[in-house]
Amino acid sequence: MSSTNVVGILGGMGPAAGADFVRLFVQACAQQLRARGEAVRDQSFPEHWLAQVPVPDRTDALASPEQGAHQPLEPMLQALGRLAALGSRAVAIACNTAHAWHASLQERFPQVELLHMARETAQHLARQGATGVALMATEGTYRVRLYEQALAEAGLGCHIPLPDERQAITRGIFDGVKAGNMLLAEQCFSEVALRLAERHGPVSIIMGCTEVPLGLQGSAAVAGLDLVDPAQVLAAALARRAYGARQPH
């Protein structure tokens, strides 16, 4: 049996995305085991902890940067502290926009490797030989240029949706997935994805909010598009950490 590291998942933003991230992580662990020629059995999976904590809306906090109860850093710090106390060697944040506070979280817990979703995704796309990239994300993620910076570091540019398309993404996130209206979510997300592909050609479309893949799962309308799920990329990176491997560069 492989020796494994304890890892953690900081979720709750929203809860469905955190729960789905565990599914992605378990799948990634199974792939790791198969790649290592080991049997996929209960005892081979690493110890992993999910902290599902109520966290104030990240986009609202970035729009109103003054101090207050609407800021998410403190609850995220408390949750990360619990994961660290449970022995987590590496932690993944199951929310794209929350990575705006990545540096502050990492500074407070230097003993934990806090993975960075946008950097992992940018490096993944660079290794895959991507040439064109477009981004579907929250307004908060656009505001802090989370993916644009990570992609630039990897030598890649990034196409951003038009204002009305960004409004449609926001509607799909909040009135769709977070409200349980998956039909509305699929309509909003697929329309934007198709318009991005029509305007920019065969680009890799980053689903840069954990609600977007939930709304596009199984959508026939976008079956031919190259959709990239950062949560899946991050889950694979966390699985590598759990089995003792480092991220390839």
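Starting from 1, each residue takes its place in the sequence as its number. The figures here come from the full heavy-atom set of this structure, side chains too, leaving out hydrogens, waters and symmetry mates.
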K.L.:
Mind checking whether M136 and C209 have side chains closer than 4.5 Å, heavy atoms only?
P.N.:
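When only atoms from C-beta onward are counted, C209 and M136 do not touch, as no gap falls below 4.5 Å.
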K.L.:
Any side-chain to backbone donor/acceptor pair from Y147 onto L135? Under 3.5 Å, distance only.
P.N.:
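No: the side chain of Y147 does not pair with the backbone of L135.
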K.L.:
Quick one: does E47's side chain have a donor or acceptor within less than 3.5 Å of a partner on V6's backbone?
P.N.:
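No: the side chain of E47 does not pair with the backbone of V6.
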K.L.:
Can you tell whether the side chains of R195 and D164 come within less than 4.0 Å, N to carboxylate O?
P.N.:
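Result for this pair is yes, salt bridge flagged.
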K.L.:
Does the pair E148 and L151 meet the rule for a side chain to side chain contact (heavy atoms under 4.5 Å, CB included), with working shown?
P.N.:
CA-CA 5 Å; E148 293 94 310; L151 289 163; 6.0 Å; no
K.L.:
Taking atom CG of L80 and atom CG of L114, what is their separation to the nearest 0.5 Å?
P.N.:
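The distance works out to 6.0 Å.
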K.L.:
Can you list the steps and then say if T59 with T97 is a side chain to side chain contact (heavy atoms under 4.5 Å, CB included)?
P.N.:
CA-CA 7 Å; T59 293; T97 312; 4.1 Å; yes
K.L.:
Applying a strict under-4.5 Å side-chain criterion to I, L, V, M, F, W and Y, I'd like to know whether L238 and L86 cluster together.
P.N.:
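Same cluster.
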K.L.:
Suppose we screen for salt bridge (Lys or Arg N to Asp or Glu O under 4.0 Å). Which residues come up paired with E153, at least two apart in sequence or across chains?
P.N.:
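Salt bridge (Lys or Arg N to Asp or Glu O under 4.0 Å) list for E153, sorted by chain: empty.
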K.L.:
Any non-hydrogen side-chain atom of W49 less than 4.5 Å from a side-chain atom of V91?
P.N.:
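Contact flag for W49/V91 side chains = no.
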K.L.:
From T170 OG1 over to F174 CZ, what is the distance, rounded to the nearest 0.5 angstrom?
P.N.:
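Reported value, rounded in 0.5 Å steps: 6.5 Å.
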K.L.:
List the atom of E211, the atom of F189, and the distance in Å for their closest heavy-atom pair.
P.N.:
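Nearest heavy atoms, E211 then F189: O-CE1, 3.7 Å.
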K.L.:
Indicate yes or no: at least one non-hydrogen side-chain atom of L156 is less than 4.5 angstrom from one of T131.
P.N.:
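They are not in contact (no side-chain heavy atoms under 4.5 Å apart), so the answer is no.
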K.L.:
Taking salt bridge (Lys or Arg N to Asp or Glu O under 4.0 Å) as the test, write out the residues that go with R199, two or more places apart.
P.N.:
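Here the qualifying residues are E165.
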K.L.:
Can V222 be reached from L184 by stepping across I, L, V, M, F, W or Y side chains whose heavy atoms are under 4.5 Å apart?
P.N.:
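No; tracing contacts between hydrophobic side chains, which count when under 4.5 Å, never links both residues.
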K.L.:
Out of curiosity, R171 CZ to C188 SG, how far, rounded to the nearest 0.5 Å?
P.N.:
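Answer for the CZ-SG pair, R171 versus C188, is 5.0 Å.
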K.L.:
Please report the shortest heavy-atom distance between V177 and A185, naming the atom on each side.
P.N.:
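That closest heavy-atom pairing would be CG2-CB, 3.7 Å.
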K.L.:
Just wondering, are more than 12 heavy atoms of other shown residues or ligands nearer than 6.0 Å to CD in E198?
P.N.:
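Result for CD/E198: open.
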K.L.:
Looking only at atom types and distance, does a side-chain atom of Q106 sit under 3.5 Å from a main-chain N or O of V112, one as donor and one as acceptor?
P.N.:
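Yes, Q106 side chain to V112 backbone: donor-acceptor pair under 3.5 Å.
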K.L.:
With S88, which residues qualify under side chain to side chain donor-acceptor pair (under 3.5 Å), at least two apart?
P.N.:
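Residues passing side chain to side chain donor-acceptor pair (under 3.5 Å) with S88: none at all.
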K.L.:
Counting heavy atoms not belonging to Q111, are there more than 12 under 6.0 Å from its CD?
P.N.:
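Atom CD in Q111 is packed in, count exceeds 12.
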K.L.:
Do the ring planes of H159 and H200 sit parallel (below 30°), tilted (30 to 60°) or perpendicular (above 60°)?
P.N.:
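The arrangement is parallel - the two ring planes meet at less than 30°.
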K.L.:
For Q32, is there any backbone N or O sitting under 3.5 Å from a side-chain donor or acceptor partner on E38?
P.N.:
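No; zero donor-acceptor contacts below 3.5 Å.
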K.L.:
Could you check whether any side-chain N or O of H99 sits under 3.5 Å from a backbone N or O of C95, counting only pairs where one atom can act as donor and the other as acceptor?
P.N.:
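The answer is yes, because a donor-acceptor pair under 3.5 Å joins these two groups.
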K.L.:
Are the side chains of L10 and Q52 in contact, using a 4.5 Å heavy-atom criterion?
P.N.:
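Q52 vs L10: side chains apart.
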K.L.:
Measure from the side-chain N and O atoms of H48 to the backbone N and O of I9, and report whether any donor-acceptor pair falls under 3.5 Å.
P.N.:
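No; zero donor-acceptor contacts below 3.5 Å.
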K.L.:
Going from CD on Q31 to CZ on R36, what distance comes out if it is rounded to the nearest 0.5 angstrom?
P.N.:
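So the gap between those two atoms works out to 14.0 Å.
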K.L.:
Determine, stepwise, if the pair L225 / L196 fulfils side chain to side chain contact (heavy atoms under 4.5 Å, CB included).
P.N.:
CA-CA 10 Å; L225 303 185; L196 286 169; over 6 Å; no
K.L.:
Would you say Q78 and R82 make side-chain contact, with heavy atoms under 4.5 Å?
P.N.:
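Counting from C-beta outward, Q78 and R82 do come under 4.5 Å.
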K.L.:
Show the nearest heavy-atom pair for residues N5 and R89, with the distance to one decimal.
P.N.:
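Shortest heavy-atom contact: OD1-NH1, 3.2 Å.
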K.L.:
Do the side chains of E120 and R241 get close enough for a salt bridge, i.e. N-O under 4.0 angstrom?
P.N.:
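Here E120 pairs with R241 in a salt bridge, since their nearest N and O are under 4.0 Å apart.
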K.L.:
Between T141 and N96, is there a side-chain donor-acceptor contact under 3.5 Å, judged purely by atom types and distance?
P.N.:
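Result is no, nothing qualifies.
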K.L.:
Under the side chain to side chain contact (heavy atoms under 4.5 Å, CB included) test against V192, which residue among I205, V212, I169 passes?
P.N.:
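Going through I205, V212, I169 one by one, the side chain to side chain contact (heavy atoms under 4.5 Å, CB included) with V192 is satisfied by I169 alone.
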K.L.:
With a 4.5 Å cut-off on side-chain heavy atoms, are D175 and N181 touching?
P.N.:
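Result no, sub-4.5 Å side-chain heavy-atom pair not found.
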K.L.:
Measure the shortest side-chain to side-chain distance between R240 and L115 over non-hydrogen atoms and say whether it is less than 4.5 angstrom.
P.N.:
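A side-chain contact under 4.5 Å is absent here.
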K.L.:
Would you mind reporting whether V228 and D226 have side-chain heavy atoms less than 4.5 Å apart?
P.N.:
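Yes, their side chains come closer than 4.5 Å.
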K.L.:
Decide salt bridge (charged side-chain N to carboxylate O under 4.0 Å, His left out) for R143 and E139; before the verdict, give the C-alpha distance in whole Å, the side-chain angles of both, and the deciding distance to 0.1 Å.
P.N.:
CA-CA 6 Å; R143 182 185 297 272; E139 285 300 317; over 6 Å; no
K.L.:
Nearest heavy-atom pair of V40 and A30: which atoms, and what distance?
P.N.:
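So the minimum-distance heavy-atom pair works out to CG2-O, 3.9 Å.
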K.L.:
Rounded to the nearest 0.5 Å, what separation is found between the OG1 atom of T138 and the CG atom of L62?
P.N.:
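Answer rounded to 0.5 Å: 8.0 Å.
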K.L.:
Applying a strict under-4.5 Å side-chain criterion to I, L, V, M, F, W and Y, I'd like to know whether L24 and Y243 cluster together.
P.N.:
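Per the 4.5 Å side-chain linkage, L24 and Y243 are not co-clustered.
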K.L.:
Please find the pair of heavy atoms, one from L216 and one from S190, that lie closest to each other, and give the distance.
P.N.:
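Heavy atoms of L216 and S190 come nearest at CD2-N, 3.7 Å.
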K.L.:
For side chain to side chain contact (heavy atoms under 4.5 Å, CB included), just list the numbers for F21 and L50, CA-CA rounded to whole Å, side-chain angles, deciding distance to a tenth of an Å, and then say yes or no.
P.N.:
CA-CA 9 Å; F21 190 88; L50 169 65; over 6 Å; no
K.L.:
With rounding to the nearest 0.5 angstrom, report the CG to CG distance, D229 to L234.
P.N.:
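So the gap between those two atoms works out to 10.0 Å.
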K.L.:
Grab the two heavy atoms, one from R58 and one from G14, that are nearest each other, plus how far apart they are.
P.N.:
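Nearest pair, atom of R58 first, then G14: NH2-N, 4.3 Å.
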K.L.:
Are the side chain of T4 and the backbone N or O of P46 linked by a donor-acceptor pair below 3.5 Å?
P.N.:
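Not at all, since once roles are kept as given, no pair shorter than 3.5 Å links the two residues.
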